[in-house]
Amino acid sequence: MATPPHASSHGPVPGNPYSTSGGYGYAPAPDTYAPTPGGYAAPGPAPTAYAPPCRACGGQTAENVKVRSHMGILILMKFEHLEGPFCRACGIAVVRQMTTRTLCLGWWSPISLVIVNPFTLVWNLVAYRKFSKLPPSTPAPGRAHLDTGPPVLRRPQAYATLIPIGWAIWVVSQILIHST
């Protein structure tokens, strides 16, 4: 059985205009790439960066940001994240929802109370600031923005965080009182 023309690395294959002696089996299409001192470059202006649309509404001005949520369950922990791209309105809606969940359910283990939950809240604050800097966008036809709802501190679930924080303050104060 004969070796296929594209598998040859011993030189040009007769009748195959794309074979080369470089060992790759094909050459760039004519007039597609121009040689430059640093290698090959496409002719014409530099390509523009592709910005993917919002995954929720299809809006064109979107930022690829990961929004996080954390749940502490005594000795267990559960981590969630939702990765963009999101437009301004949809990103803020996701941040508000996941931050409220973190404030309500993230404090219920010792490690979560001290380390993980505060970092999750800071990461979501950074995501919120990135989304806030985006200009408003129009959703794709037939789609709508996610409902942003009220701000985080106007949601009753966010105040469930006062229970474990109050407990932690009480424990620290009891330790300080009994150690003196």
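Reckoned from all heavy atoms, side chains included, excluding hydrogens, waters and symmetry mates.
Closest heavy-atom contact between Ala158 and Val152: CB-O, 3.4 Å. Taking all atoms of both residues into account, the shortest heavy-atom contact from Pro52 to Ala62 is O-CB, 3.5 Å.
By the criterion of side-chain heavy atoms lying less than 4.5 angstrom apart, applied directly or through intervening Ile, Leu, Val, Met, Phe, Trp or Tyr residues, Leu146 is grouped together with Leu82 in one hydrophobic cluster. Tracing side-chain contacts under 4.5 Å through hydrophobic residues (I, L, V, M, F, W, Y), one never reaches Met71 starting from Leu121; they form parts of separate clusters. If you chain together hydrophobic residues whose side chains sit under 4.5 Å apart, Val94 and Leu134 fall into the same group. Two different hydrophobic clusters hold Val95 and Trp123 under the rule that ILVMFWY side chains link at heavy-atom gaps under 4.5 Å.
In this structure, the side chains of Tyr159 and Leu153 come closer than 4.5 Å at one or more pairs of heavy atoms. Side-chain contact between Arg55 and Cys90 is absent, with no heavy atoms from C-beta onward closer than 4.5 Å. Using a 4.5 Å heavy-atom threshold, the side chains of Leu103 and Thr99 count as touching. You'll find the side chain of Glu63 reaches within 4.5 Å of the side chain of Phe131, heavy atoms only. Side-chain contact between Cys87 and Cys57 is present, with at least one heavy-atom pair separated by less than 4.5 Å. A heavy-atom distance below 4.5 Å is found between the side chains of Pro118 and Trp107.
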Between Ser132 and Ile92, is a side-chain contact (heavy atoms from CB on, under 4.5 Å) present by the stated rule, with each step listed?
CA-CA 7 Å; Ser132 295; Ile92 289 173; 4.2 Å; yes

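With hydrogens and angles ignored, the 3.5 Å screen pairs no side-chain donor or acceptor of Ser112 with any backbone N or O of Trp108. At least one donor-acceptor pair under 3.5 Å links the side chain of Asn124 to the backbone N or O of Arg68. Between the side chain of His145 and the backbone N or O of Ser137 there is at least one donor-acceptor pair closer than 3.5 Å. No donor-acceptor pair closer than 3.5 Å links the side chain of Arg88 to the backbone N or O of Pro135.
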Return a table of donor-acceptor pairs under 3.5 angstrom between the side chains of residues 169-177 and protein atoms on other chains or two or more places apart.
unit_1	atom_1	unit_2	atom_2	d
Ser173	OG	Ile169	O	3.3
Ser173	OG	Trp170	O	2.7
Gln174	OE1	His178	NE2	3.3

For residues 72-81, dump all side-chain donor-acceptor pairs below 3.5 Å to protein atoms at least two apart in sequence or in another chain.
unit_1	atom_1	unit_2	atom_2	d
Lys78	NZ	Glu80	OE2	3.3
Glu80	OE1	Arg101	NH1	2.5

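Summarising the local packing, CZ of Arg129 is surrounded by 12 or fewer heavy atoms from other residues, nucleotides or ligands at distances under 6.0 Å.
Put simply, CD on Gln157 and OG1 on Thr100 are 6.5 Å apart, with the number rounded to the nearest 0.5 Å. Atom CE of residue Met98 and atom NE2 of residue His70 lie 12.0 Å apart, to the nearest 0.5 angstrom. Within the model, atoms CG of Asn117 and OG of Ser109 stand 8.5 Å from one another, a figure rounded to the nearest 0.5 Å. Atoms OG1 and CG, on Thr120 and Leu125 in that order, are 12.5 Å from each other to the nearest 0.5 Å.
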